[in-house]
Amino acid sequence: MLRRRCCRVETRPGELESDYMSVFALADCNNFYASCERVFNPDLIGRPLVVLSNNDGCVIARSNEAKALGVAMGEPFFKREGFFKQHGVRVYSSNYALYGDMSQRVMRTLGRFTPELEIYSIDEAFLDLDSFGARDLDDYGREIRRTVRQWTGIPISIGIGPTKTLAKIANRMAKKFPEHQGVFRVPQPVAGLPRAPVIPGLDALLDRIDVADVWGVGRRYAIKLERYGIRNARQLKDADEAWVRKKMTIQGLHTVLELRGISCLALELAPPPKKSIMVSRSFGRPVATLTEMREAVAAFAARCAEKLRAQQSRAAFLAVFLMTNPHKDEPQYSNILTARLPVATANTPDLIRLALDCLERIYKDGYSYKKAGVMLSGVEPDATRQLSLLDPTPRLAARQNDLMRALDSVNAKWGRNTLHYAATGIGRPWQMRQERKSGRFTTCWQELPIVR
DNA sequence: TCTGGGGTCCTAGGACCC
DNA sequence: TCTGGGGTCCTAGGACCC
């Protein structure tokens, strides 16, 4: 998920809207998934612990102790299983119901400290601290951190700075060096024009940051920059604007300006609705029959429809794709087919029907499929949708909407898939493997003992 | 045996039109 | 044989994020 670019600057250098008195904080949960597991199993505190991706494929979160053992992000679990046993590393499947709920608790807590909060990802939020300039911001940061820890059990780090990019860097410092006790601040500009703010100590700080660790610089750009002798954040900050614009597009230029203390990326308070929606999974075991594949694809389509309705939108196009396992020495096949819906819709049966249609046209017998998915595009908010001659009659539309609303509210109350379409299957043998999942500590009353 | 899922934005280039 | 200039729209591919 990435909602990064929302500009406050004009793209032509020299026409910048001055905004250099902003103060951003980035609150980031430490080893979030690992920390969530620990909240409900204190036994894990102080032990090496990893959380695995879907299907228990690879490592996607590590406690500090696991990091210290040299466990890398993204390592395939099967290659490390022996090592984990040997070093007593505790291993968990990902438990998104738990992490999602813990995330909400953290975000609600953070919301008490600022009127303006951007939830950037499951474990990160930007806070607008503009109006707290009179306070000691380091002190305020420590108070936020203490409160989140106390109310949710989750440890966080806080980085503060005049731009989002600098707040990100500050957060890194807060995490990396324990002497800062989880809070680090890049000072506000003390002088200078809006186009050239003066920030004390900035060069010395950025000199210590690898260019690859700058927000917006990925692996590819890091390699490219290195070729031109740019290895750290200070060198990137001082790079020529036109050159950066050419080599890294407008987004790269924004990163450079942000490093200088010129805010280009505003806070996004309400996430804009998604323009495309995808649900895809790798299967827990290979799927080799059309019957099973139909269930899986129907389930993906149904989930897409739920996401669509959750953001009050409809989709005009639907695509189905499937693929075999490229890591295996077996016959390979993959394909994708996109189709237009007669009218933009968020009605689950319509989406399932079209998805199954597409599937039948690309499915080939004789292969073991590893992964499949459904994608929706041409997604528009209900309110602005073009009307069509093919639209269902108002009466039918109202009935469909009522039915979907009822379905969604039952599932919201009693848990996902309490009510579902038969086409999506019951046994679901293709479902993800998650053999090491912790309990649904916060979200599932069904698992509590029933007291009579 | 076993290698995640879900997004966004930008640019270049081709098709097409006048 | 000669063979403009400028605009729009769409798609593919490349980059990024967590």
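Below, read A as the first sequence line, B as the second, and so on, with proteins coming before strands; counting in each chain starts at 1. Treat the numbers as computed from the prediction; the structure is a model and nothing was measured.
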Item to check | Who pairs with dG7(C) - Watson-Crick or G-U, where each distance is under 3.5 Å | outcome: dC16(B)
Give me, pair by pair, the N or O atoms of the protein and of nucleotides 11-15 of chain C that are less than 3.5 Å apart, along with how far apart they are.
residue: dA15(C); atom: OP2; partner: Arg220(A); partner atom: NH1; Å: 2.5

Checklist entry - Taking atom types as modelled and ignoring hydrogens, do the side chains of Ser93(A) and Asp56(A) form a donor-acceptor contact shorter than 3.5 angstrom? => result yes
Item to check | Other residues, nucleotides, ligands: >12 heavy atoms within 6.0 Å of Arg285(A) CZ | outcome: yes
Checklist entry - Under 4.0 angstrom, heavy atoms only, what part of the nucleic acid is Glu75(A) near: base, sugar-phosphate, or nothing? => result nothing
Checklist entry - Which is true for Lys275(A) with a 4.0 Å heavy-atom rule: it touches a base, it touches only sugar-phosphate, or it touches nothing? => result sugar-phosphate
Next on the checklist: For DNA chain B, which residues of residues 82-102 of chain A approach it to below 4.0 angstrom with any heavy atom?
Outcome noted: none
Item to check | Rounded distance (Å) that lies between atom P of dG7(B) and atom CD1 of Ile119(A) | outcome: 17 Å
Checklist entry - Between Gln311(A) and Ser313(A), does any side-chain donor sit less than 3.5 Å from a side-chain acceptor? => result yes
Item to check | Among Leu44(A), Ile154(A), Ile45(A), side-chain contact (heavy atoms from CB on, under 4.5 Å) partner for Val39(A) | outcome: Ile154(A)
Item to check | Audit row: Leu308(A), Leu351(A), side-chain contact (heavy atoms from CB on, under 4.5 Å) steps and yes/no | outcome: CA-CA 11 Å; Leu308(A) 202 52; Leu351(A) 293 166; 4.2 Å; yes
Next on the checklist: In terms of relative ring orientation, are Trp243(A) and Tyr228(A) parallel, tilted or perpendicular, with 30° and 60° separating the classes?
Outcome noted: perpendicular
Next on the checklist: Does the plane of the ring in Phe300(A) sit parallel, tilted or perpendicular to the ring in Trp430(A)? Use 30° and 60° as the thresholds.
Outcome noted: perpendicular
Checklist entry - Taking side chain as C-beta onward, heavy atoms only, is Glu118(A) less than 4.5 Å from Phe24(A)? => result no
Next on the checklist: Using a 4.0 Å heavy-atom cut-off, does Lys307(A) contact any base of the nucleic acid, only the sugar-phosphate backbone, or nothing at all?
Outcome noted: sugar-phosphate
Pair up each side-chain donor or acceptor in residues 99-109 of chain A with any protein partner under 3.5 Å, not counting sequence neighbours, and list the distances.
residue: Tyr99(A); atom: OH; partner: Glu37(A); partner atom: OE2; Å: 2.6
residue: Tyr99(A); atom: OH; partner: Asn95(A); partner atom: N; Å: 3.4
residue: Asp101(A); atom: OD2; partner: Arg105(A); partner atom: NE; Å: 3.2
residue: Asp101(A); atom: OD2; partner: Arg105(A); partner atom: NH2; Å: 3.2
residue: Asp101(A); atom: OD2; partner: Thr442(A); partner atom: OG1; Å: 2.8
residue: Ser103(A); atom: OG; partner: Ile122(A); partner atom: O; Å: 2.7
residue: Thr109(A); atom: OG1; partner: Arg105(A); partner atom: O; Å: 2.7

Next on the checklist: Counting the atoms with a prime plus P, OP1 and OP2 as sugar-phosphate, which does Lys246(A) contact under 4.0 Å by heavy atoms, base, sugar-phosphate, or nothing?
Outcome noted: nothing
Checklist entry - Across the strands shown, which category fits Asp56(A) at heavy-atom distances under 4.0 angstrom: base, sugar-phosphate, nothing? => result nothing
Checklist entry - Contact class for Leu52(A) (heavy atom, under 4.0 Å): base, sugar-phosphate, or nothing? => result nothing
